[in-house]
Amino acid sequence: MNRRTLLVAGLGSAVAAAPAAFVVTLLARQTDELAAGASVGGVDVSGLKPEEALQRLEATWRPFLDSPVVFKLDGRTWRPAGADIGLRADFRTPLRELVSSRVAGGVLKRLAGEASGTNPATPVVTYDRTVARSYLQALAAGFDQPSANAALQVRNDGRMSLTPGQAGRVVDVEQALIELEAGLAHRAVGHVVDLGYRQDEPAVTTADAEAALETVRQMIGRPIWLEHGSGGWTLEPAQLTAAVEIRINETGIHPGIEVTRFNDLFLKMEDTLSAEPRQGMFEFDEKQDRVLAFQPGHPGQRLDRPALERDILDAVHRPGERRVQVPVILLNKEFDTSSNALGIKDLLGVGSSIYKGSPDYRDHNIAVGAAKLDGMIVRPGDTFSFNERIGAFTKAEGWVEGSVIVEDRTEQGIGGGICQVSTTLFRAALAAGLPIEERWPHLYRVRYYEMGGLPIGYDSTIFSPGIDLKFRNDFENPIMLRVLIDRRLATLDFEIWGTADGRKVTLNKPRLWDWEDPPPDEGIVNSEEEPDFEDQLEYAKEGVKASITRTVVLADGETRTGTFLSTYEAWPNRYVVGIDEARERFPVAFNKWVDENQEEAARWGATKVPGVPSDPDAPSG
């Protein structure tokens with residue numbers, strides 16, 4: 001049925017266009033009896049005056065309108081009035097139509113279109129299904145036990161919980177409406193409708209939630225690599241987990257990623273990638289085979305964030321390794337960025353390190369070593385030797401004296417700190433995918449090479465002659481070393497530039513094993529310092545073995561895998577101390593110094609500490 005359904009209709013048409021004031025007063029003025037055979041709403045009103053007909057209609061319909069239906073459910077009964085379920089009576093309008101059809105004539109008859117004079121078209125009672133439905137829904141609310149949708153919750157720590165769906169039981173309102181309307185159609189007084197229940201199935205079933213759970217596990221199970229050139233960023237599983245959103249609607253449960261959770265990362269990427277167009281600078285000295293001034297040209301670019309968001313949303317649904325090439329918008333596509341004879345235009349790899357807290361001699365030597373290598377060219381097929389390229393460690397070459405590691409001791413020597421340079425260059429060569437032909441780890445873990453959260457095993461020591469860092473240029477074009485140093489921030493970067501050939505480099509996290517606790521603190525006696533002098537020379541580090549695996553995949557699919565092993569000895573804190581400090585804190589070292597420097601000890605009036613051996617391996621007492 002429609003929203004308003006006719007229950008009883010007269011045979012004549014309503015004269016809607018008749019003047020309103022005339023129609024309203026027409027019934028009251030008419031005193032003649034209605035024609036034979038006249039009926040309204042199925043009630044015979046022939047021979048009656050209009051007011052009498054109205055009284056008969058109201059009396060005839062009242063029982064039905066007062067109690068059209070009886071609803072029953074679980075031993076309870078409801079007897080709504082007609083108005084409660086959307087019934088509305090109007091006897092006057094059809095009566096006016098009857099009167100109008102008899103007396104109006106002329107204009108009214110033409111407006112009515114030859115309406116019958118015995119059976120008006122206007123219904124006496126109308127029914128509104130929406131009102132009936134609302135009544136039944138309100139009644140059912142006290143009995144309904146709705147279904148419960150299955151639910152999926154993803155916590156920030158990565159744990160996921162699934163709540164199964166549960167079917168419910170609700171009053172069958174739609175079936176009740178059908179039975180109600182069947183009774184209304186027959187104008188049955190007190191028509192009984194026995195309400196029943198139907199099973200209410202959850203919109204989101206347990207199977208839906210289980211499928212969504214598997215989808216979420218796949219979405220957050222692996223990192224997404226956002227690559228740009230030889231570098232990039234990573235969306236770790238924890239970040240993906242924090243961005244998961246579960247949406248539930250009539251079509252089911254839909255897990256997704258809310259990419260706005262990555263806004264901080266996107267801002268960092270925009271800061272890194274945004275560049276204005278700039279002309280390149282390339283000043284090459286053929287005699288030295290060295291670039292004296294270099295500034296890479298750039299067409300200018302901006303991060304294409306909408307495209308990046310689409311790519312990430314696509315990547316989360318891909319199985320296996322997930323890599324996204326960061327999309328950028330070029331500001332000047334016609335810009336020439338490779339206008340140099342050597343074709344040096346692409347950044348192949350970067351190595352970085354921090355040396356904060358280095359003494360002055362170390363800071364000086366790092367700057368000298370970096371400057372000596374800045375701009376150097378390595379021709380295709382050539383092997384770069386750090387020791388050959390850096391030259392002799394002499395004061396004439398600009399080096400200064402400081403602490404250097406010799407065997408298992410730190411001693412004074414020229415060039416202390418140069419391993420910061422070799423370590424940083426080693427990292428760049430690793431990142432560029434260059435074959436490493438020689439590399440040696442330090443004897444023990446040096447704190448400078450783990451600053452900034454850098455992992456263990458990415459260092460490279462050199463000592464001239466004998467211990468070198470070597471790598472080979474296996475690209476088809478020359479490569480160039482570029483140095484970026486900030487002595488105020490104590491940061492060093494090596495960039496390797498050349499012509500990219502499509503190789504992809506992956507470095508795994510180091511595997512660490514065989515940890516060993518540091519030995520006791522040691523003291524080195526220096527009688528030239530004040531007696532209470534103390535200066536820490538070396539810092540305690542646990543011993544450990546480390547391995548790093550690098551995988552280089554060339555453009556043609558060839559894969560090269562190499563592992564770099566390091567063994568680091570456990571190392572003590574070592575202090576340079578005056579004789580009084582040594583006697584109190586390091587009596588074994590003090591006694592040994594007395595034995596080996598008897599004249600100096602006598603001059604200071606220093607005598608051995610009783611009961612303490614001079615040889616640390618000898619028994620005490």
Side-chain angles (χ1 to χ4, degrees), residues 144-168 170 199-274 301-330 453 504-509 553:
D144 286 349
Q145 297 176 354
S147 61
N149 284 330
L152 177 62
Q153 183 180 14
V154 182
R155 301 176 184 174
N156 288 338
D157 61 4
R159 290 186 294 173
M160 292 175 278
S161 59
L162 187 151
T163 303
Q166 185 173 0
V170 297
Q199 183 163 309
D200 183 35
E201 296 293 343
V204 181
T205 66
T206 302
D208 294 335
E210 288 173 344
L213 179 60
E214 288 305 310
T215 298
V216 171
R217 285 174 175 159
Q218 189 256 315
M219 290 166 58
I220 66 176
R222 291 175 178 267
I224 297 178
W225 306 94
L226 308 177
E227 299 179 334
H228 183 76
S230 61
W233 300 263
T234 306
L235 286 172
E236 297 290 352
Q239 293 171 282
L240 295 170
T241 300
V244 170
E245 284 200 346
I246 307 296
R247 294 180 291 276
I248 298 176
N249 55 33
E250 63 277 0
T251 63
I253 181 169
H254 307 283
I257 295 291
E258 179 49 64
V259 291
T260 58
R261 300 286 181 87
F262 308 137
N263 279 345
D264 289 346
L265 174 63
F266 291 159
L267 290 174
K268 292 178 182 177
M269 294 174 68
E270 287 173 350
D271 287 343
T272 301
L273 296 175
S274 295
Q301 67 183 24
R302 296 287 184 272
L303 174 67
D304 190 343
R305 179 163 172 173
L308 176 61
E309 291 178 355
R310 290 194 298 271
D311 291 345
I312 290 173
L313 292 177
D314 177 65
V316 296
H317 296 292
R318 291 204 300 263
E321 191 171 68
R322 305 183 293 188
R323 295 181 180 272
V324 170
Q325 295 300 317
V326 177
V328 295
I329 300 171
L330 296 181
K504 298 292 184 182
V505 180
T506 303
L507 287 164
N508 74 333
K509 292 182 179 180
V553 181

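The chain is numbered in sequence order, starting from 1. Keep in mind that this is a model prediction, so the values were computed, not measured.
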So, using side-chain contact (heavy atoms from CB on, under 4.5 Å) as the criterion, who are the partners of [X] when residues are at least two apart?
{"X": "Val170", "answer": "Asp144, Arg198, Asp200"}
{"X": "Asn508", "answer": "Ile548, Thr549"}
{"X": "Arg302", "answer": "Ser274, Glu276, Leu331"}
{"X": "Thr260", "answer": "Glu258, Asn263"}

| request: Take Thr272 and His228 through the side-chain contact (heavy atoms from CB on, under 4.5 Å) test and state the conclusion after the steps. | output: CA-CA 11 Å; Thr272 301; His228 183 76; over 6 Å; no
| Going by the salt bridge (charged side-chain N to carboxylate O under 4.0 Å, His left out) test, which pairs reach into residues 260-274, not counting sequence neighbours? | Glu245-Arg261
| Going by the salt bridge (charged side-chain N to carboxylate O under 4.0 Å, His left out) test, which pairs reach into residues 314-327, not counting sequence neighbours? | Glu227-Arg323, Asp314-Arg318, Glu321-Arg323
| field | Separation of Leu235 CG from Leu226 CG (nearest 0.5 Å) | value | 4.5 Å
| query | Between Glu210 and Leu162, does a side-chain contact (heavy atoms from CB on, under 4.5 Å) hold up when you go through it step by step? | reply | CA-CA 8 Å; Glu210 288 173 344; Leu162 187 151; 3.7 Å; yes
| remark: For Pro202 and Ala167, the nearest pair of non-hydrogen atoms, with its separation, is CD-CA, 4.0 Å
| Given Asn149, Leu152, Thr205, the one that forms side chain to side chain contact (heavy atoms under 4.5 Å, CB included) with Ile253 | Leu152
| said: Given Val216, which partner from the list Val316, Ile246, Thr241 fulfils the side chain to side chain contact (heavy atoms under 4.5 Å, CB included) test? | reply: Ile246
